[in-house]
S.K.: 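Pasting a structure below so you can have a look.
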Amino acid sequence: MSKQIQRLTGMHDVLPDDRPYWDLIIATAENLARRYGFQRVDTPIIEATELFIRGVGEGSDFFVQKEMYTIQEADDSSITLRPEFTAGLVRAYIQNGMPSWPQPVKIYTIGPSFRRERPQAGRLRQHSQFDCEIMGEDDPAADVEVMMVAMNLFRELGFKGLTFQINSTGCRVCKPGYIQKLVAYLNDHIDKLADIDKERLTKNPLRVLDSKAPGMDELLGGAPHIADHLCDDCREHYAEVRSLLEALGQSYAENYRLVRGIDYYTKTVFEVWQEGIGAQAALCGGGRYDGLAEDIGGPPTPSVGFGSGIERIILGMKEQGVEPPSAAPLPVLVAHFGGATKSAAVKLAFELRGAGIGARLAFARRGRSMKSQMREAGRHDARYVLIIGDDELAQGEVTVKPLADGEEQTRMPVERIAAWLEERLSE
RNA sequence: GCGGGUGUGGUGUAGGGGUUAACACGUCUGGUUGUGGCCCAGAAGAUCGUGGGUUCAAAUCCCACCACUCGCCCCA
C-alpha cells in the first residue's frame with residue numbers, strides 16, 4: 001500500500017457515481033447564465049503570479065507565501081495556478097479589448113482553481129467553480145442580477161432553506177474611515193478579545209467581525225456597523241440593491257459581520273447560506289469590485305460577480321437529499337461464443353453504435369458461457385441481449401433476448417435489428 | 001502552520017499479545033449440452049497505513065512518521 005502512488009492531498013477523483021451531480025449542476029448553471037445574457041469565457045489555469053498579488057491586495061502576502069501554488073520558471077518569472085477566477089477574467093477583459101465592447105460585458109466560466117490549505121469539508125485544494133461576472137456596470141441592478149443567478153441556481157437545483165446574507169463593505173472613500181472607527185472600538189474592549197482576534201485587529205481588522213470566539217455577538221453588536229458609516233454614493237447603492245431585491249420579492253438578511261477578506265471588494269458583498277455543510281454554510285460568495293481593473297492596469301471598470309464551488313454544491317445536494325437523474329444504461333449487449341461468432345458480434349456492435357444505438361460488447365478472450373454474458377447484461381441494466389451463435393451466424397440472423405419481463409424472445413435477420421431496436425427504444 | 005478523530009481484502013466492519021486474521025457486500029467461476037436477476041457451491045483478494053521499539057511471540061502494547069477526516073488559521 002505504501003508503495004503505490006496516491007492522490008495528492010486535497011485532490012479528489014470524480015468517479016462515475018458522482019458524474020450525474022456534475023452534469024446537472026453544470027447544465028443548470030450554464031442554462032441559467034445564458035438566460036440572463038452571460039457568455040462563456042475560459043481563461044488559462046495558470047497566470048503570472050503578479051496578477052494575483054495585485055488582484056488580491058497589498059496586505060495579503062499570506063496568500064502568496066502559503067496558499068498559492070506558485071512555480072518559479074527557469075527565466076526567473078513566476079507563475080501561479082489560479083486561486084480564484086475574478087483576476088484572470090478581468091485580465092482577459094482588459095487584454096482582449098472588452099472595454100470597447102458594448103458595456104457591460106457579462107461573462108461566466110466553469111473550471112478548476114487551486115489553493116494550498118489543509119482540506120476540510122467542502123474545501124479542497126483543487127476545486128471547481130462556476131463563476132459569473134458583470135463588468136463595466138455600476139448599476140445596483142447588476143448586483144442584483146448577479147445575486148439572483150446565484151440564488152436561482154440553487155433553487156433550480158432543488159435546495160431548500162436558503163438565505164441571502166448581504167452587506168456593503170464601502171469603497172475607497174468610506175471604508176478606511178470605518179475601519180478606523182472599528183479599530184478604535186475594539187481597542188477599547190481589547191481585554192475581551194481572544195488572542196487570535198487581537199492578531200486580526202492588527203493584520204486585517206475587518207476579519208474580527210467574522211470571529212467565532214464565544215461572546216463576540218454581544219461585543220460586535222455594540223461595534224460600529226459599516227452600513228451606518230457609508231459615504232453617500234455607497235449608501236445609495238446599498239439602498240437600491242435592497243429595494244430591488246424587495247421588488248423581486250426576494251428576502252435577504254443584512255449581515256453586518258459579513259466581510260470578505262480580499263481587498264478588492266467594494267460596496268455589495270453577499271453569500272448564499274445553507275445550513276449544515278460543516279463549518280462552511282456558504283454555497284457561494286461574491287460582491288462588487290469596482291477598483292480591481294485599475295489595480296491590474298486597466299481602465300476604471302465597475303464590476304460585480306460571484307463564484308460557487310461545485311464540490312460544495314454537491315455536498316449540499318447530498319445533505320438535502322437532492323438527487324440528479326442517473327445516467328441512462330446502454331440498452332444493448334451483444335453476446336457470442338467466440339471464433340467466427342465473435343467477429344460477427346464485433347461487427348454488429350459497431351454497426352449499432354454507428355446507428356446511434358448504445359451497445360456493449362461481451363469481451364471473451366477464450367470464449368465465455370452464455371450465463372456469464374447474461375449476468376454481465378443484467379448487471380449493467382441492458383434491455384436486450386443480442387445473441388450470435390453458430391446457428392444465427394449460418395442463417396444471417398440474431399437472437400434478441402429481452403431482459404425485462406413481458407417481452408418475448410425473438411430472432412431476426414441482422415440487417416433488420418438496428419431499425420427494430422430504434423423503434424423499440426424510442427417508445 | 002496548529003488541534004481532535006480515524007487507519008484490518010475493492011467497500012463496510014469484527015477481532016484487541018500466541019500457530020491457517022473473521023463476516024457482509026462486491027468481484028470471478030460453476031450449478032450439463034447456448035440464456036441474467038433469486039438460490040446454491042467454490043475461488044481470488046489483506047505482508048492488519050509505514051518505520052522503529054518492547055516481548056520467546058505483535059494486527060493487538062509503546063514511539064515516530066504518513067495518509068484520510070473534521071475543525072482552527074485563511075477564505076479566492
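Order of the sequence lines sets the chain letters (A, B, ...), proteins ahead of strands, with each chain counted from 1. Keep in mind that what you see is a predicted model, and the values were worked out from it rather than measured.
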S.K.: Mark yes or no: A/R242 above the aromatic ring of A/Y238, with NZ or CZ under 6.0 Å from the six-membered ring centre and no more than 45 degrees from the axis.
M.R.: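 Yes, A/R242 lies over the aromatic ring of A/Y238.
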S.K.: How far, in whole Å, is B/rG4 from B/rG9 if one measures between their P atoms?
M.R.: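 Approximately 26 Å lies between the P atom of B/rG9 and that of B/rG4.
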S.K.: I'd like to compare against my own output: the B/S/- annotation of nucleotides 29-38 of chain B with a strict under-4.0 Å heavy-atom distance to protein.
M.R.: SBB--BBBB-
S.K.: Is it the case that the base of B/rC74 and the side chain of A/R123 share a donor-acceptor contact (distance under 3.5 Å, atom types as modelled)?
M.R.: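 Pair found.
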S.K.: Between B/rC75, B/rC70, B/rC68, spot the one nearest the side chain of A/T9, thanks.
M.R.: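 Ranking B/rC75, B/rC70, B/rC68 by closest atom to the A/T9 side chain puts B/rC68 first.
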S.K.: Under a 4.0 Å N-O cut-off, is there an ion pair linking A/K181 with A/D188?
M.R.: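 A/D188 and A/K181: not salt-bridged.
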S.K.: Should A/D191 and A/K198 count as an ion pair when the cut-off is N to O under 4.0 Å?
M.R.: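 Not counted as a salt bridge, because no side-chain N and carboxylate O are separated by less than 4.0 Å.
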S.K.: Between B/rC66 atom C1' and A/R7 atom CZ, what is the distance in whole Å?
M.R.: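 It works out to 15 Å between those atoms.
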S.K.: Would you mind checking if A/D18 and A/K318 are paired as a salt bridge, meaning a charged N to carboxylate O distance below 4.0 Å?
M.R.: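 Here A/K318 pairs with A/D18 in a salt bridge, since their nearest N and O are under 4.0 Å apart.
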S.K.: Indicate yes or no: does A/D143 engage A/R288 in a salt bridge with an N to O separation below 4.0 Å.
M.R.: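 Here A/D143 pairs with A/R288 in a salt bridge, since their nearest N and O are under 4.0 Å apart.
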S.K.: What is the separation between atom CZ on A/R54 and atom C1' on B/rA76, rounded to the nearest whole Å?
M.R.: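 It works out to 18 Å between those atoms.
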S.K.: Roughly how many Å is it from NE2 in A/H127 to C1' in B/rC74, rounded to a whole number?
M.R.: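 After rounding, the reported distance stands at 13 Å.
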S.K.: Please tell me if A/N204 has a side-chain N or O lying less than 4.0 Å from either OP1 or OP2 of B/rC75.
M.R.: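 Answer is yes, contact under 4.0 Å.
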S.K.: Mind checking the P distance from B/rA59 to B/rG16? Whole angstroms is fine.
M.R.: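 My reading of the P atoms in B/rA59 and B/rG16 gives 15 Å.
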S.K.: Take atom CD1 of A/I46 and atom P of B/rA76, then tell me their distance rounded to the nearest Å.
M.R.: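 One finds 22 Å between P of B/rA76 and CD1 of A/I46, rounded.
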S.K.: Is the closest basic N to carboxylate O distance between A/R82 and A/E47 below 4.0 Å?
M.R.: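 No, A/R82 and A/E47 are not salt-bridged.
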S.K.: For A/L8 and B/rA67, what is the distance between atoms CG and P respectively, to the nearest whole Å?
M.R.: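 Going from A/L8 (CG) to B/rA67 (P), I get 10 Å.
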S.K.: Does the distance from a Lys or Arg side-chain N to an Asp or Glu carboxylate O, for A/E407 and A/R424, drop under 4.0 Å?
M.R.: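 Salt bridge: yes.
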S.K.: Dot-bracket for RNA chain B, please. Rules: Watson-Crick or G-U, both distances under 3.5 Å, ( ) within the strand, [ ] when a pair crosses earlier ones, | for another strand, . otherwise.
M.R.: (((((((..((((....[...)))).(((((.......))))).....(((((..]....))))))))))))....
S.K.: Measure from NZ or CZ of A/K267 to the centre of the six-membered ring of A/Y289 and say whether it is under 6.0 Å with the direction within 45° of the ring axis.
M.R.: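 Judged by the rule (NZ or CZ under 6.0 Å from the ring centre, within 45° of its axis), A/K267 is not positioned above A/Y289.
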S.K.: What interatomic distance, in whole Å, is found between P of B/rC2 and the corresponding atom of B/rU13?
M.R.: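 Those two atoms are separated by 29 Å.
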S.K.: With C1' as the reference atom in both, quote the distance from B/rC40 to B/rG34 in angstrom, rounded to an integer.
M.R.: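 Between the two C1' atoms, the distance is 22 Å.
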S.K.: Specify the separation, in whole Å, of atom CZ of A/R207 and atom P of B/rC74.
M.R.: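 My rounded result for the distance is 6 Å.
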S.K.: When the aromatic ring centroids of A/W420 and A/Y384 are compared, is their separation below 6.0 Å?
M.R.: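 Ring centroids of A/W420 and A/Y384 are less than 6.0 Å from each other.
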